[in-house]
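A short worksheet on the structure shown next.
The model shown is predicted, which means the values in this text are computed figures rather than measured ones.
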Amino acid sequence: TFKAAKEWCSDPAWVLYDLLIKQADRNTDEQYGADIPESSLDVFSFFKVSKYCNQLVSTDDGSQEPRFSINANIQNRKDAMEVIRDICTVFNGIPFYEEGTIKIAQDAPKDIDNPTAISFDYVFNNANVVNGSFVYSGSSSKTRFNVINVSFLNLDTQEVDYETVEDTVSQAKYGIQTKNINSFGVTSRSQAARVGRWFLVTQQDQTETCTFETNIAAGSVITIGSIIGIADRVKAALRRGGIVKSASQSAVTIDNASATNLPNLSSSPTISCMLSDGTVETKTISGYSGNIVYVNNDNFTSAPVENSPYLLEETNSKALPFRVVDIKENKNKTYTISSVNYNPNKYNVVDNEGTTLSPRPSSSVVTKLLDPPFIKDGAIEEKIIVDNGLANTILFIDWEPVTGASGYHLIYRKDSEEPVVVKTQLTEHEIINSGAGSYEIKIYTINALGQRSTYPTTKDFNTLGFTEPPET
């Protein structure tokens, strides 16, 4: 329940809310802001952001102040989205439209009272993404800023002042890379320092993005800012997720236990499942029997949903946490999700100068090199194909998949020609217009770290070209 009477505040969440809504207590000629009906705003998302803004944090002089405050005069007409974005930068937020209302999300711990805890809003594995494919990308360490200058209005001098935050370790490795930030509505030197530390830690630590396509069941439930858990068997070289076939509060029947790397019971293993209310619950595993995972000593609140995803974790092998930053609905009723790696330890570093960032949670790291793929007899075959009256010679190359492989490097050379390198995630390749000649074929397996197998599978094959009649 909110107060009926308005009160002055410097909370950027409520300042933004006040600028957006239609002012019911004002005449038409006294209106300011975006004039949006309050029913079109999700007040609870503003309230959630406000709680984090108003938590007290320590300042440079040992006193305390709210984490985020805004002190600004907006005296001239400006583009509405420009003003909204300016205010959102104060609390590291983003506005978005969903389910018929305007909402805001914030880069903040999921549980502000227990900021280092991780709990998921949804879980993903290779079984509930299109083609089982997660696409990762990152940024180069050499291009990241390590000196951040943040401008703010110094109330003592009534002039623009600057606060500088530095990463000396990065400077020693890559030299000085400087970024200047013009903060909006900031009048506290300590808040300006937190702005700089947030930017520094974010672009130094949140360097990995993950994009994937999923079904409507998942895409319609998650939202901007959701924390998701990802168990990618290609990246971790372990199958630690799949689909729930049936479940009760004390037992979950999974899709394929024989193909799953079940955690050892001595490693405090857990299973995370979706419940009927759309939440994720994580429970301690007490035992296995065939495809059944028991949680007898730590029952679910309600039975997990059939055909929903599950994740398995243990002390030294965790699902990867990511924060959703973009959701796009596709024409084929799927959703493309973009996310960035989530480290709950960063918020303590931002609030407290001199605190070291703890490593973010990670899956078990693949260090071993994988074996090269096996090529069966007859898996390399030459054919002459007639298409629209034209004949083509094609050399078909097939090989067996290798567990844990993220891809393969195929290298082939015809006679004395230059070698051709093919990087692929498939287990087959076609050489069009192969012609007559002698082929040397090598195939390496690539692991999740991008490392090649120590040696390749090697095959030699002689093609005949058009010296044989085509297939009909």
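A salt bridge links Lys103 to Glu99: at least one charged side-chain nitrogen sits closer than 4.0 Å to a carboxylate oxygen. Ion pair Asp121/Lys110 flagged as a salt bridge, since at least one NZ, NE, NH1 or NH2 atom sits closer than 4.0 Å to an Asp/Glu carboxylate oxygen. Using a 4.0 Å cut-off between charged side-chain N and carboxylate O, Arg239 and Asp255 make a salt bridge. Under 4.0 Å is where a charged nitrogen must lie from a carboxylate oxygen, and between Asp107 and Lys346 at least one such pair does. Remark: Glu314 engages Arg240 in a salt bridge, criterion side-chain N to carboxylate O under 4.0 Å. Look at Glu430 and Lys383 and you find no salt bridge, because none of the NZ, NE, NH1 or NH2 atoms lies under 4.0 Å from a carboxylate O.
Heavy-atom minimum distance, Asp298 versus Lys283: O-CD, 3.1 Å. Scanning all heavy atoms of the two residues, the minimum distance from Tyr288 to Pro263 falls at OH-O, 2.7 Å. Across all non-hydrogen atoms, the minimal contact from Ser276 to Ser302 is OG-OG, 4.1 Å. Taking each heavy atom of Asn146 and Ser170 in turn, the nearest pair found is ND2-OG, 3.2 Å. Of all the heavy atoms in Pro12 and Phe68, the pair that sits closest is CD-O, 3.4 Å. Considering all non-hydrogen atoms of both residues, Arg323 and Gly225 come closest at NH1-O, 3.2 Å.
Distance OG1/Thr424 to CD1/Ile446: 11.0 Å, rounded to 0.5 Å. The distance from atom CZ of Phe134 to atom CG of Leu320, rounded to the nearest 0.5 Å, is 9.5 Å. Separating the CG atom in Leu312 from the NZ atom in Lys318 is a distance of 12.0 Å, to the nearest 0.5 Å. Atom CD in Gln191 sits 12.0 Å away from atom CD in Glu163 (nearest 0.5 Å). For the atom pair Phe212 CZ and Asn128 CG, the distance stands at 8.0 Å (nearest 0.5 Å). Going from atom OG of Ser50 over to atom CG of Leu16 covers 11.5 Å, rounded to the nearest 0.5 Å.
The aromatic rings of Tyr347 and Tyr52 stand perpendicular to each other, their planes meeting at an angle above 60°, with 30° marking the opposite boundary.
Of the possible polar contacts, one joining the Thr89 side chain to the Asp86 backbone as a donor-acceptor pair under 3.5 Å is found. Here the side chain of Glu313 pairs no donor or acceptor atom with the backbone of Ile271 at under 3.5 angstrom. When atom types are taken as modelled, the side chain of Glu281 and the backbone of Pro304 share no donor-acceptor pair closer than 3.5 angstrom. A donor-acceptor pair is defined here as one N or O able to donate and one able to accept, closer than 3.5 Å; no such pair exists between the side chain of Tyr408 and the backbone of Pro372. Side-chain atoms of Asn341 never come within 3.5 Å of backbone atoms of Phe322 as a donor-acceptor pair (strictly under, hydrogens ignored). Of the possible polar contacts, one joining the Asn264 side chain to the Ser266 backbone as a donor-acceptor pair under 3.5 Å is found. Side chain of Asn125 to main chain of Pro309: no donor-acceptor pair is present (N/O by atom type, distance under 3.5 Å, no hydrogens or angles). Between the side chain of Glu382 and the backbone N or O of Gly465, at least one donor-acceptor pair lies under 3.5 Å. Under the 3.5 Å distance criterion, the side-chain polar atoms of Ser40 are left unmatched by any main-chain donor or acceptor of Thr101. One N or O on the side chain of Asn352 and one on the backbone of Asn348 form a donor-acceptor pair closer than 3.5 Å.
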Steps toward side-chain contact (heavy atoms from CB on, under 4.5 Å) verdict (Ser119, Thr282):
CA-CA 8 Å; Ser119 61; Thr282 300; over 6 Å; no
Going through the checks in order, is the salt bridge (charged side-chain N to carboxylate O under 4.0 Å, His left out) test met by Asp79 and Arg85?
CA-CA 10 Å; Asp79 178 77; Arg85 292 192 188 99; 5.1 Å; no
Could you go step by step and tell me if Ser246 and Thr253 meet the side chain to side chain donor-acceptor pair (under 3.5 Å) rule?
CA-CA 5 Å; Ser246 63; Thr253 302; 3.3 Å; yes
Asn330 and Thr336: side chain to side chain donor-acceptor pair (under 3.5 Å), yes or no, with the steps?
CA-CA 7 Å; Asn330 303 317; Thr336 298; 3.0 Å; yes
For Thr463 and Ser434, run side chain to side chain donor-acceptor pair (under 3.5 Å): C-alpha distance rounded to whole Å, both residues' side-chain angles, the deciding distance at 0.1 Å, then the answer.
CA-CA 8 Å; Thr463 52; Ser434 53; 5.2 Å; no
Before giving the answer on side-chain contact (heavy atoms from CB on, under 4.5 Å), spell out for Gln106 and Ile112 the whole-Å C-alpha distance, their side-chain angles and the decisive distance to 0.1 Å.
CA-CA 12 Å; Gln106 182 183 38; Ile112 64 174; over 6 Å; no
Check step by step if salt bridge (charged side-chain N to carboxylate O under 4.0 Å, His left out) holds for Glu166 and Arg197.
CA-CA 8 Å; Glu166 300 183 67; Arg197 286 196 294 272; over 6 Å; no
Can you check side-chain contact (heavy atoms from CB on, under 4.5 Å) on Ile254 and Tyr310, steps first, answer last?
CA-CA 8 Å; Ile254 62 176; Tyr310 70 86; 3.5 Å; yes
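Here the side chains of Ile441 and Ile397 are in contact, with some heavy-atom distance below 4.5 Å. Side-chain atoms of Pro344 and Pro109, non-hydrogen and from C-beta on, never get closer than 4.5 Å to each other. A 4.5 Å side-chain heavy-atom check between Ile375 and Glu400 finds every atom pair outside the cut-off. Put simply, the side chain of Gln204 reaches to within 4.5 Å of the side chain of Asp167, judged on heavy atoms.
Heavy atoms of other residues, nucleotides or ligands lying less than 6.0 angstrom from NZ of Lys414 number more than 12. The 12-atom threshold is exceeded at CD of Glu98, counting heavy atoms of other residues, nucleotides or ligands nearer than 6.0 Å. Under a cut-off of 6.0 angstrom, the local environment of CG in Asn131 is sparse, with at most 12 non-hydrogen atoms contributed by other residues, nucleotides or ligands. The environment of CD in Glu417 is crowded: more than 12 heavy-atom neighbours from other residues, nucleotides or ligands sit within 6.0 Å. More than 12 heavy atoms of other shown residues, nucleotides or ligands fall within 6.0 angstrom of atom CZ in Phe396. Heavy-atom contacts from other residues, nucleotides or ligands closer than 6.0 Å to CZ of Arg233 number 12 or fewer.
With no hydrogens or angles considered, no side-chain donor-acceptor pair links Ser151 and Ser183 at under 3.5 Å. Looking only at atom types and distance, the side chain of Asn256 has no donor-acceptor partner in the side chain of Asn291 under 3.5 Å away. Judged by distance alone, the side chains of Asn296 and Ser286 do bring a donor and an acceptor atom under 3.5 Å apart. A side-chain donor-acceptor contact under 3.5 Å links Thr164 and Asn149. No side-chain N or O of Asn215 forms a donor-acceptor pair with one of Tyr335 less than 3.5 Å apart. Judged by distance alone, the side chains of Arg144 and Gln203 never bring a donor and an acceptor atom under 3.5 Å apart.
Applying the ring pair (Phe, Tyr, Trp, His ring centres under 6.0 Å) test to Tyr122 and every residue at least two apart in sequence or in another chain returns Phe124.
Between Phe374 and Trp399, the gap from one ring centroid to the other reaches at least 6.0 Å.
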